[in-house]
A.B. asks: 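The structure under discussion is supplied below as structure tokens; questions concerning it will follow.
Numbers for residues simply follow the sequence, beginning at 1.
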Amino acid sequence: MKIASLISGCNDYTHLLSIKEHVMREEKPIPTTRKSEVKFLKSLTRLVAAFLVLSPICSIPVSSAQTVDIQRGTTLFRQACIGCHDAGGNIIQPVRATLFTKDLQRNEVDTEEAIYRVTYYGKARMPGFGKECMPRGQCTFGARLEDEDIKTLAEFVKLQADQGWPSIETKEE
């Protein structure tokens, strides 16, 4: 749809185009009857430019679902993981088992799928949190997590590791 068609009382596009060309060439004098039209066209151009810069067309969209997943991931991480992995570290095995990218890669746990498996079934000193985690000695003695929650945690941990574990401020649930 042409922008000019949105302007009330404007049926002739060439009239507006000639004003725009006139403004671009900065010819003087502009007829008095067209000064208000020139001002309108300039302000309309600025308005359209501002709209495009601020619109989702020009930026990577972050859906509300993604925001909720980050908030949910933060909440789950605080409930189940932060005791050992505060800020991506590891208080039990601080040298080689952190949640930072270099350690995740070294331990071959640098994909969401691998993080999911370790969170679900556990590995070494880390207990598993999955509903079907076996053997019992490898699993948490605390509350188990739903599969979807473990998936959200894996996505959250991967995202945080990729970003170097930035501090996230979020609303508490």
A.B. asks: At their closest point, which heavy atom of I150 faces which heavy atom of G130, and how far apart are they?
C.D. replies: CD1-CA, 3.6 Å
A.B. asks: Are K158 and D162 within salt-bridge range, i.e. N to O under 4.0 Å?
C.D. replies: yes
A.B. asks: Within a radius of less than 6.0 Å around CZ of R136, do more than 12 heavy atoms belonging to other residues, nucleotides or ligands occur?
C.D. replies: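 Correct, the count exceeds 12.
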A.B. asks: As an exercise, state the distance from OG1 of T101 to CD of Q163, rounded to the nearest 0.5 Å.
C.D. replies: 10.0 Å
A.B. asks: Return each pair, listed once, that meets disulfide (SG to SG under 2.5 Å) where at least one residue sits in residues 118-167; pairs must be two or more places apart or across chains.
C.D. replies: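 Counting only pairs at least two positions apart or across chains, the disulfide (SG to SG under 2.5 Å) contacts touching residues 118-167 are C133-C139.
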A.B. asks: To the nearest 0.5 Å, how far apart are CG in L145 and OG1 in T140?
C.D. replies: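 Spacing of CG (L145) from OG1 (T140) equals 8.0 Å.
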A.B. asks: Is the closest side-chain heavy-atom distance between V109 and R117 below 4.5 Å?
C.D. replies: no
A.B. asks: Tell me, please, which residues at least two apart from C81 pass disulfide bond (SG atoms under 2.5 Å apart).
C.D. replies: none
A.B. asks: For residues 112-150, which residue pairs pass the ring-ring contact (aromatic ring centres under 6.0 Å, His included) check, not counting sequence neighbours?
C.D. replies: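 Sorted pair list: Y116-Y120.
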A.B. asks: Measuring from atom CD of Q160 to atom CG of L153, what distance do you get when rounded to the nearest 0.5 angstrom?
C.D. replies: 11.0 Å
A.B. asks: Is it true that K151 and E155 make a salt bridge, defined as a side-chain N closer than 4.0 Å to a carboxylate O?
C.D. replies: yes
A.B. asks: Please set out all donor-acceptor pairs under 3.5 angstrom arising from side-chain atoms of residues 82-91, sequence neighbours excluded.
C.D. replies:
unit_1 : atom_1 : unit_2 : atom_2 : d
H85    : ND1    : G89    : O      : 2.9
N90    : OD1    : I92    : N      : 2.9
N90    : OD1    : Q93    : N      : 2.9
N90    : ND2    : A97    : O      : 2.7

A.B. asks: Rounded to the nearest 0.5 Å, what separates atom OG1 in T152 from atom CD in Q71?
C.D. replies: 12.5 Å
A.B. asks: By side chain to side chain contact (heavy atoms under 4.5 Å, CB included), which residues pair with D103, not counting sequence neighbours?
C.D. replies: T98, R106, N107
A.B. asks: Would a 4.5 Å heavy-atom cut-off, applied to side chains only, mark M126 and T119 as touching?
C.D. replies: yes
A.B. asks: Mind jotting down which residue pairs meet the disulfide (SG to SG under 2.5 Å) criterion with at least one end in residues 101-132? Sequence neighbours excluded, please.
C.D. replies: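 Qualifying pairs, neighbours excluded: none.
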A.B. asks: Does the side chain of F156 come within less than 4.5 Å of T74's, by heavy atoms?
C.D. replies: yes
A.B. asks: Kindly give the heavy-atom pair with the smallest separation between L99 and W165, and that separation in Å.
C.D. replies: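 Scanning both residues completely, I find the closest heavy atoms to be O-NE1, 2.8 Å.
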A.B. asks: Considering all heavy atoms of both residues, which atom of D110 and which atom of A114 are nearest to each other, and what is their separation?
C.D. replies: N-CB, 4.4 Å
A.B. asks: Going by salt bridge (Lys or Arg N to Asp or Glu O under 4.0 Å), D149 matches just one of R72, R144, K131. Which one?
C.D. replies: R72
